[in-house]
2 protein chains.
Amino acid sequence: MAEKHQLTLKDIARELGLAVSTVSRALKSHPDISDETIKLVKDYAKEHHYVPNLLAVNFRKSKTFNIGLVIPELVHQFFSTIISGVLQEANDKGYNVLICQSNEKLSDEKKVAQALLNSRVDGVIISLSNETEDYSHLKEFLDAEIPVVQVDKIIEGFDTPKVVVNDYSGAYQAVDYLIGQGYQKVAHLRGRLIVQHSNERHRGYAEAMEQHKLPIKEDYIRICDLQTEKEGYTYAREMMNLPEPPDAIFCVTDLVALGVMEYLREKNIKVPEEVGVIGFSNWQLGEIIRPTLSTVHQPGFELGVKATELLLDKINNGSSSPNIKVVLDADLIIRDSVRKL
Amino acid sequence: MAEKHQLTLKDIARELGLAVSTVSRALKSHPDISDETIKLVKDYAKEHHYVPNLLAVNFRKSKTFNIGLVIPELVHQFFSTIISGVLQEANDKGYNVLICQSNEKLSDEKKVAQALLNSRVDGVIISLSNETEDYSHLKEFLDAEIPVVQVDKIIEGFDTPKVVVNDYSGAYQAVDYLIGQGYQKVAHLRGRLIVQHSNERHRGYAEAMEQHKLPIKEDYIRICDLQTEKEGYTYAREMMNLPEPPDAIFCVTDLVALGVMEYLREKNIKVPEEVGVIGFSNWQLGEIIRPTLSTVHQPGFELGVKATELLLDKINNGSSSPNIKVVLDADLIIRDSVRKL
DNA sequence: CTGAAAGCGCTAACAG
DNA sequence: CTGTTAGCGCTTTCAG
């Protein structure tokens, strides 16, 4: 598909009786060029709808103005919110974004990483898959001097800028709030032990309890391997059947909280009067169910924006830009699943 | 950031005492080149990790292997599912995808269209914003001989390949099923009159009713301008307070259906025994609420795949590929909000 | 079967 | 202030 002949610098130069380089410089308002010539060229260019051939420019500058974004899943509220932030910041700064999914699989992550490498992106933002435990496949980017920024799901030991959410403080706030509202026997449905997010949330829970001198009972903690509604339901049942059931449940995820609420409704245990519930993630569903779900909001959009800022800084300022780690705060969102004093 | 010097054809040619053109051809196993030379070159290339400079290749071929995708919103289950399909098919065929959001605004749509045009993408897939009523801003693509494919939200008069969901048949199936389960007084909370999706769904509703010789009462139809939960709630109340309330409600969207179910629960009207409810879209929430929501599933992923297939065909076969319109069927998903006979 | 050479459109060093 | 020139890495005639 040959395009209709696109106007080139050469064409303009010929028509205007100038040199190609003069035209090139004039279009960028180079100080060397007289205002007169600049105007002449720009007017001509505008009139004839001159569009620089980006392919040529990029080739010349060996820059694509494309950045790669690797995320575990696209159809996912949190991740798509991150993407949204990345897009906004990148487009704003004249960069395009190539999005790839790893489908939470290491093998796919490796595949797309290779593809991005071949596409010669100017930089990469990545949120690691659940299966990823080392970063050998990502070192290639650094070897090729393509900057990488890690976001949300990261490997500490991989020396790049990082942007994460403060799970610890989000969890602390949630539990602290529960206790402040008079709940005393707070349980925690946590995530897997090897997942950093889960550990941080658990730490927030534990420290809030300690701070208030409340005991942390073994029985009040369950591990949700899959973080599904079903697990929430099951563990809620287990705990509510304890001799001394909890009066509040802090869940590692909204979906788990949903399962909890469902069990409680079935058993006619009133939320928030008898049992308070707080989730984590701030999914849309939290506003939709009744009672509405209190939760911890993770600033996905800001995460995406910040990661992009760090990446573009790396791209443009190279090694002079340090590998900082940015920790964004999570906000407690108070809805009806916790009683108000 | 100068990259560590990348191996080029020239380097290989020099090392091997060959001409650049020979190396180039050898790497593509050109029939002119002797097997011997081919092996020599390929081995050398592999050993030294030769990676062709895509920037140069693209420039030469004036092809970017990038396609643009313009969608109204990214943080949206249906659209992100479409994107997912596009990504899969495009990546599979060696294309990257540049994703842009129009935020349902014509002004943004124009802006990103211009950006894509400048990026010299090889083709564009677009799902129009709600505000878009003409396609003057998109004609530029065709003028520049950049193929366009429309998906889901389309303008009929804009002559490009199109991929859409059969809203009509989805709606028809839903209402037909309701009637088959013994509901007789079926109401419809529809979308706006100027939106094609809404009209098609309404048509499906109307024809199913007619087919079964059931009357379509004015009172049983309401227009949801925003398609929110609140509207569902409000109109459900209005209708259930009619002298002769409906015994089933078919909603233009799951969210509206949710509002309906909420009202019914509040009033202790049993779903599905007293009133049956069907939504449209198959959002995740439908599986989560109780009773689970019957709905019509729109094949977003397939939509994305098909649109990409059509686009790549256009890109590679140009005008010999006709501007067909593909209509994908929507599937009725039966859950607990409709009684089973 | 292989090599030499031109050129894609643009930028930038150098020379007036 | 402007023009000349070289060259980015690759593909592709055209000649051997």
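Reckoned from all heavy atoms, side chains included, excluding hydrogens, waters and symmetry mates. Lettering of chains follows the sequences in order, A, B, ..., and the numbering in each one begins at 1.
Between A/Arg14 and A/Asp11, at least one side-chain nitrogen of the basic residue sits less than 4.0 Å from a carboxylate oxygen of the acidic one, meeting the salt-bridge criterion. Ion pairing between B/Lys110 and B/Glu131 fails under the 4.0 Å rule for side-chain N and carboxylate O.
Close to C/dC10, at under 4.0 Å from its OP1 or OP2, lies no side-chain N or O of A/Ser24. Between A/Tyr50 and C/dC10 there is a side-chain polar atom (N or O) within less than 4.0 angstrom of OP1 or OP2. A sub-4.0 Å separation between OP1 or OP2 of C/dG3 and a side-chain N or O of B/Thr22 is present.
Rounding to whole angstrom units, CG of residue B/Leu54 and C1' of D/dG9 are separated by 12 Å. In this entry the distance linking CD1 of A/Ile12 with P of D/dT2 reads 16 Å, nearest Å. Note: CG (A/Asp35) to C1' (D/dT2) measures 15 Å, nearest angstrom. D/dC1 atom P lies 15 Å from atom CG of A/Leu40, rounded to whole Å. Rounded to a whole Å, the CZ atom of B/Arg25 is 10 Å from the P atom of D/dT13. Taking atom CZ of residue A/Phe59 and atom P of nucleotide C/dG9, one finds them 13 Å apart after rounding to whole Å. Remark: P of D/dC10 and NZ of B/Lys28 are 9 Å apart, rounded to the nearest angstrom. One atom, CG of B/Leu9, and another, P of D/dC10, lie 4 Å apart when rounded to the nearest Å.
Nearest to the side-chain atoms of B/Ser34 among the listed nucleotides D/dT2, C/dC1, D/dG9 stands C/dC1. Which of D/dC10, C/dC8, D/dC1 sits closest to the side chain of A/Lys10 comes down to C/dC8. Of the candidates C/dG3, C/dG9, D/dT12, the closest approach to any side-chain atom of B/Arg60 belongs to D/dT12. The side chain of B/Ala19 lies closest to C/dA4 when the candidates are C/dA4, C/dT11, D/dT4.
Toward the 5' end of DNA chain C, the nearer of the two residues B/Pro31 and B/Val20, judged by each one's closest nucleotide, is B/Pro31.
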Can B/Asn91 and A/Lys111 be said to form a side-chain hydrogen bond (donor to acceptor under 3.5 Å, both in side chains), step by step? CA-CA 10 Å; B/Asn91 291 344; A/Lys111 214 181 299 166; over 6 Å; no
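In this structure, B/Lys61 fails the cation-pi test against B/Phe59, since its NZ or CZ atom is not both closer than 6.0 Å to the six-membered ring centre and inside 45 degrees of the ring normal.
At a threshold of 4.0 angstrom between heavy atoms, the contacts of A/Asn53 are confined to the sugar-phosphate backbone, with no base atom among them. Counting any heavy atom pair closer than 4.0 Å across all strands shown, A/Leu55 reaches no nucleic acid atom.
Remark: the A/Thr37 side chain and the D/dT2 base include no donor-acceptor N/O pair separated by less than 3.5 Å.
Not one N or O on the side chain of A/Asn96 forms a donor-acceptor pair closer than 3.5 Å with the backbone of B/Leu98.
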